[in-house]
Amino acid sequence: MPSIVKPLVAHPSLAKNALGLTIRDYEGQMSTLCAGCGHDSITAAIVKALWELSTPPHRLAKLSGIGCSSKTPTYFVNGAHGFNSAHGRMPAIATGANAANRELTYVGVSGDGDSLSIGIGHLCHAIRRNLNMLYVIENNGVYGLTKGQFSASTDVGSKSKKGEANKMSPIDPIQLALSIGATFVARSFSGDKAQLVPILKAAIAHRGFALVDVISPCVTFNDHEGSTKSYKYTRGATHAATESDFVPPASEIVANIGPAGSTSIRMHDGSVLQFTRVPDNYDVTDRGAAMKYLREHPGQIATGVLFADEGIPDMHEMAGSPAGALVNVPFEKLCPGSSALESLMANFR
Amino acid sequence: MRSRINDFAIKLANVNGTGSASANSLIMQAIFRMGVPVSGKNLFPSNIQGLPTWYEIRVNPKGYTARALDYDLMVAMNAQTYARDIKEVRTGSYVLYDSSWPLDADLHRDDVTFIGVPLARLCNENFKEVRERILMKNIATAGALIELLNIDADVVAHLLEEKYGKKKGLRESNVKALKLGGDYIRENYAFPLPFHLETMHANDDKILIDGNTATALGCIYGGATVAAWYPITPATSVMDNFKAFADKYRKDPETGASNYMFLQAEDELAAIGMVIGASWNGARAFTSTAGPGVSLMNELLGLAYYAEIPAVVIDVQRVGPSTGMPTRTQQGDILECAYASHGDTKHILLFPSSPAECFEMAPQCFDLSEQFQTPVFLLSDLDIGMNDWVTPKLKWDDSYVPNRGKVLTAEQLEKMNKFFRYLPEEGTAVPARTLPGVHSKGAFFTRGSGHNKFGGYTEVPDEYQEVMDRLLAKHKEAAGYVPPAIIERRAGAKVGMITIGGCEPAVREALDILDEMGRPMDFMRIRAFPFTAEVEAFLEEHDYCYVVEQNRDGHLCSLLTLETPVAKDKIRPVLVYSGFPLSAKNVLDILAVNVEELNAIYR
Ligand SMILES: Cc1ncc(C[n+]2csc(CCOP(=O)(O)OP(=O)(O)O)c2C)c(N)n1
Ligand code: SF4
Ligand SMILES: [Mg+2]
């Protein structure tokens with residue numbers, strides 16, 4: 001099956017971002033996913049977010065594991081390097097990539113199988129390292145690519161296509177991430193672009209690990225009656241815990257005219273994330289409160305930015321790395337040279 | 001007994017976790033400083049405290065450094081192992097033991113001289129704290145050995161000064177303990193023993209270093225910036241040392257920033273993933289591990305091989321399978337590394353034989369890995385990695401320029417019509433690569449799934465096969481760049497003896513002995529896979545070759561039969577795999593089994 005190449009016709013009428021690029025410049029290959037797959041909607045939201053942020057395509061690194069979801073980095077930003085790695089291992093590969101070059105923007109795309117089963121260890125440790133990246137879980141509650149097995153995010157009682165009900169308790173990536181110190185945690189729904197795009201933008205602006213769990217129905221294996229990740233079910237059960245708006249640095253002033261009772265968070269890059277607290281008492285900067293809220297609303301799929309903390313050092317800050325990319329440190333600075341070696345030899349006598 | 005100068009072996013039996021290690025290295029270092037060729041082998045258990053541990057020291061004027069297996073003095077300090085330790089020494093040798101308690105009558109041997117020193121009693125009388133009494137017993141033992149072996153007391157005093165210069169209390173305790181042991185010998189026994197030390201000058205340009213330290217230093221000098229690992233014996237000290245050297249040499253003088261990233265991964269799957277991610281981005285990255293780690297890394301090693309991403313893996317081999325014997329040495333990962341991962345894969349392996357070669361080969365690993373855009377393994381082992389070896393001083397050539405392989409710059413990409421990742425130029429199997437962040441024109445999708453030469457996804461049979469065939473050609477091409485085998489011929493040789501890695505000293509010693517017996521043999525030490533041209537020629541030239549290696553299944557033998565045209569019956573495996581470093585005696589014992597065949601050939 002050769003990859004399908006999408007015809008790229010530039011529309012003169014298309015709006016341009018700060019780099020003078022149109023949204024078409026952020027598109028990728030034609031998707032080969034099933035028509036109606038939630039993952040494709042997420043791709044579209046990622047395209048929009050990156051275009052709006054004016055991320056230079058070649059300064060973006062797109063990484064993924066294996067699964068239908070993990071195929072999607074091919075479908076956005078052709079001008080960026082991509083790495084479709086191995087099942088569950090993307091966080092490790094992203095860690096190394098980021099270690100070598102902290103200057104790029106990292107977007108990782110994964111599935112619930114990729115992230116919550118085979119790769120759960122890597123995900124947890126990338127969170128602990130506060131690796132600076134956007135990490136999207138395209139969560140359909142099923143293994144799409146291997147044809148419909150339950151995943152670790154399948155809810156108890158949720159039924160497979162064959163009608164079998166899952167009995168094991170699910171892993172909620174949001175609660176998991178919060179419990180191990182994640183610095184940015186959000187959830188959204190693939191069908192709600194209006195909410196998803198600003199969340200993605202804020203997540204990219206976040207300095208540190210930004211986990212975005214996106215409920216993304218699998219139309220082929222998990223969109224039937226009895227599934228808790230179907231379009232029908234999800235539309236009814238999602239419930240915005242916070243409404244967010246993302247204000248890039250250039251238009252910062254706008255942030256000040258948010259609705260009364262809103263919270264603003266200044267992101268590390270100077271942009272501002274502004275929340276309208278839907279439930280009166282929801283404080284997005286309070287980890288304990290976020291965990292409590294999620295525990296107390298088990299049936300609901302709380303969406304929005306559920307927690308954000310801009311004050312925690314990322315992997316490079318913890319390591320004391322140079323401000324620029326390690327790959328740009330010249331060899332002369334890395335190799336101590338012959339005279340240093342000669343004097344070192346005295347220690348081995 | 002005829003006096004033997006600088007030619008003997010001693011074995012020290014201890015309980016681990018009691019501080020014997022520092023006394024052992026004090027003696028070893030003192031002998032080294034006396035300019036006498038020496039080797040020390042630590043035969044230790046996989047345990048932190050309480051199990052038997054041995055240390056062997058061999059001095060030899062000709063510089064033979066392999067294990068002797070023939071001890072002139074047993075320093076029996078572990079009552080648990082008295083029986084087997086005393087049994088192990090040969091007739092005419094000596095046993096030094098702690099006479100604070102009488103030795104069991106059935107341990108007595110008439111053909112051995114027992115030297116009792118009441119070490120525990122002396123230490124109990126002279127030191128207050130329990131911990132100090134235990135630690136100083138080892139030092140008092142060293143004091144006795146100084147007299148018995150004629151170790152230069154000034155050298156020892158110097159060493160203590162260097163080690164404890166600032167910690168006056170500790171130094172005084174050490175000096176006191178040394179004196180306790182030494183005085184007792186002087187007052188009660190004839191000393192030195194018939195075999196003992198005399199100052200020489202064999203070590204003027206040498207150092208005492210273990211392979212893991214040398215490897216770490218090689219990675220620093222080779223310009224590695226990302227180190228990712230998961231702790232495992234016997235590879236841990238590679239990373240401990242890398243971190244220490246990086247802290248010393250890699251702090252930016254202006255900003256204080258660390259020009260390296262040290263990642264303790266969650267497991268080996270992640271460690272190799274991090275290496276691959278960093279290399280994908282253009283860094284020199286490596287991991288250090290042992291067999292169990294390589295097993296876990298298999299999946300991603302295939303990805304790096306197929307997607308053509310550099311990765312350097314330092315495998316300090318230990319005894320397998322499974323957890324095996326973590327503190328014992330073996331060369332049992334050769335085949336696993338050569339073909340690591342599912343599907344058709346073949347990797348580049350380098351086989352250092354000493355710490356000096358670990359230092360030399362580490363930068364070569366990075367060069368080859370970047371030049372050929374593929375994983376490269378440095379296959380060290382516990383014997384090389386964790387024992388101190390007398391080695392020529394490490395030298396660095398400041399004219400070294402890292403070979404970063406074919407990496408396209410933004411300017412080159414700008415001028416290109418279109419970049420295709422897996423399309424090499426005429427005359428080579430290695431295509432150019434691009435790094436993320438450089439230019440949109442260089443962007444492509446790295447994938448472990450089927451791809452064609454343009455870098456696009458494919459399931460088309462011919463397209464898939466074309467890439468796989470080129471990967472094979474690339475591996476063959478590497479044979480022209482890896483370190484060649486070391487070959488040494490002897491007049492009258494009829495058969496060859498081939499070996500690998502840390503077997504070298506034992507094999508050389510065995511060859512000298514065979515030569516004296518009228519059985520000269522040619523020597524070849526293989527230093528890399530893919531095999532270089534002279535390896536095939538050597539096999540071709542000899543009626544048959546012994547292949548000495550430390551594993552049960554003859555990994556090198558298999559690799560030679562699989563990857564060269566040599567007939568299987570021209571290879572005679574000499575396999576020693578019980579976990580201790582090789583001795584010439586092991587080799588000769590195996591050859592003795594087929595003595596008729598040898599006699600026939602050399603008639
Ligand atoms: C080591 C390994 N084991 C198993 C597989 C098979 N496999 C491919 S995708 C997948 C599950 C994907 O599920 P998920 O991550 O939820 O992605 P989705 O397809 O649902 O988007 C599995 C088990 C594999 N590729 N690699
Ligand atoms: S199987 Fe499901 S997840 Fe995969 S592409 Fe089809 S709809 Fe999407
Ligand atoms: Mg899934």
Side-chain angles (χ1 to χ4, degrees), chain A residues 1-3 56-63 66 73-74 77-86 88-101 103-104 121-122 124-125 129 315-316 319-323 325-327 329 331 333-338 340-342 344-345 348-349, chain B residues 33 207-209 220-221 223 225-226 228 249-250 252 255-263 265-267 269-270 273-283 285 299-300 303 393-398 400 402 434-440 442-449 456-460:
Chain A
M1 186 185 64
S3 54
H58 75 288
R59 303 297 287 169
L60 174 73
K62 320 170 283 185
L63 299 105
I66 296 291
T74 339
V77 200
N78 266 335
H81 269 257
F83 199 155
N84 185 198
S85 66
R89 313 288 168 230
M90 180 267 282
I93 294 194
T95 303
N98 193 316
N101 188 349
E103 292 174 352
L104 307 182
H122 303 316
C124 291
H125 290 276
R129 289 185 190 97
M315 178 176 81
H316 283 285
S321 308
L326 272 182
V327 282
V329 178
F331 182 71
K333 277 200 167 185
L334 301 176
C335 180
S338 63
L341 187 62
E342 217 178 301
L344 182 70
M345 288 302 100
F348 297 99
R349 289 280 307 165
Chain B
R33 292 252 183 123
I207 52 164
L208 203 52
I209 193 170
I220 290 279
Y221 272 75
T225 51
V226 177
Y249 295 119
R250 290 286 186 78
D252 196 291
T255 62
S258 301
N259 283 325
Y260 68 95
M261 176 63 84
F262 189 73
L263 294 161
E266 53 272 24
D267 51 36
L269 299 125
M274 290 168 185
V275 169
I276 292 168
S279 303
W280 177 70
N281 249 343
E299 179 195 35
L300 289 185
L303 171 68
K393 274 184 186 161
L394 306 180
K395 291 215 164 63
W396 183 252
D397 177 0
D398 285 320
Y400 169 81
T434 56
L435 301 178
V438 173
H439 198 291
S440 273
F444 73 101
F445 218 74
T446 305
R447 46 164 69 84
S449 45
Y457 180 87
T458 195
E459 292 177 10
V460 176

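Below, chains carry the letters A, B, ... as their sequence lines are ordered, and counting in each starts from 1.
- With a 4.5 angstrom heavy-atom cutoff, B:T225 touches chain A via backbone and side-chain atoms both.
- Listed here is the closest heavy atom pair of A:L326 and B:S258: CD2-O, 4.2 Å.
- Side-chain contact between B:D252 and A:P322: absent, with no pair of heavy atoms (C-beta onward) separated by less than 4.5 Å.
- Most heavy-atom pairs under 4.5 Å with chain B: of the set A:G82, A:A92, A:P91, this distinction falls to A:G82.
- Side chains of B:R250 and A:L334 form a contact here, defined as non-hydrogen atoms less than 4.5 Å apart.
- Using the six-membered ring where Trp is involved, B:H439 and A:H58 have ring planes that are tilted, between 30° and 60° apart.
- Looking only at side-chain heavy atoms (C-beta outward), A:S85 and B:L303 come within less than 4.5 Å of each other.
- The pair B:E299-A:R89 counts as a salt bridge, with a side-chain nitrogen and a carboxylate oxygen less than 4.0 angstrom apart.
- Heavy atoms of A:F331 lying under 4.5 Å from chain B belong exclusively to its side chain.
- Ranked by heavy-atom pairs under 4.5 Å with chain A, the first of B:Y249, B:Y260, B:F445, B:W396 is B:F445.
- Distance OG1/A:T74 to CZ/B:R447: 5.5 Å, rounded to 0.5 Å.
- Ranked by non-hydrogen atom pairs under 4.5 Å with chain B, the options A:R59, A:R349, A:K62, A:K333 are led by A:R349.
- Considering only heavy atoms from C-beta on, A:H125 stays 4.5 Å or farther from B:D267 through its side chain.
- Both the backbone and the side chain of A:P73 come within less than 4.5 Å of a heavy atom in chain B.
- Side chain of A:H122 to main chain of B:L269: no donor-acceptor pair is present (N/O by atom type, distance under 3.5 Å, no hydrogens or angles).
- Contact count against chain B (heavy-atom pairs under 4.5 Å) is highest for A:R129 among A:E342, A:R129, A:E103.
- Contacts of A:M315 with chain B are made by both backbone and side-chain atoms, with heavy-atom separations under 4.5 Å.
- Contact check for A:N101 versus B:P436: no side-chain heavy atoms found under the 4.5 Å cut-off.
- Listed options A:P57, A:A80, A:A61 were ranked by heavy-atom pairs under 4.5 angstrom with chain B; first place goes to A:A80.
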Yes or no on side chain to side chain contact (heavy atoms under 4.5 Å, CB included) for B:I209 and A:F348, after CA distance, side-chain angles and deciding distance? CA-CA 6 Å; B:I209 193 170; A:F348 297 99; 3.8 Å; yes
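- With chain A as partner, the option from B:N281, B:D398, B:T434 having the largest number of non-hydrogen pairs under 4.5 angstrom is B:N281.
- Atom CG of residue A:L344 and atom CD1 of residue B:I220 lie 10.5 Å apart, to the nearest 0.5 angstrom.
- The heavy-atom pair separating B:G282 from A:V327 by the smallest distance is C-CG1, 3.5 Å.
- The parts of A:A340 that come within reach of chain B are both its backbone and its side chain, each placing non-hydrogen atoms under 4.5 angstrom from that chain.
- For A:A319, the parts lying near chain B are the backbone and the side chain together; criterion is any non-hydrogen pair under 4.5 Å.
- Aromatic ring orientation, A:F83 versus B:W280: tilted (interplanar angle from 30° to 60°).
- For the pair A:S321 and B:M261, the minimum side-chain heavy-atom distance is below 4.5 Å.
- In this structure, chain A has a heavy atom under 4.5 Å from the side chain of B:L263, while its backbone stays farther away.
- When heavy atoms are compared at a cutoff of 4.5 Å, A:L104 approaches chain B solely by way of its side chain, counted from C-beta outward.
- If you measure heavy-atom distances from A:L63 to chain B, the contacts under 4.5 Å come from the side chain alone.
- Taking both residues in full, the closest heavy atoms of B:Y221 and A:P336 are given as OH-CB, 3.6 Å, listed atom of the first, atom of the second, then distance.
- One distance of note links OG of B:S440 with CG of A:N78; it measures 9.5 Å at 0.5 Å rounding.
- If you measure heavy-atom distances from B:V226 to chain A, the contacts under 4.5 Å come from the side chain alone.
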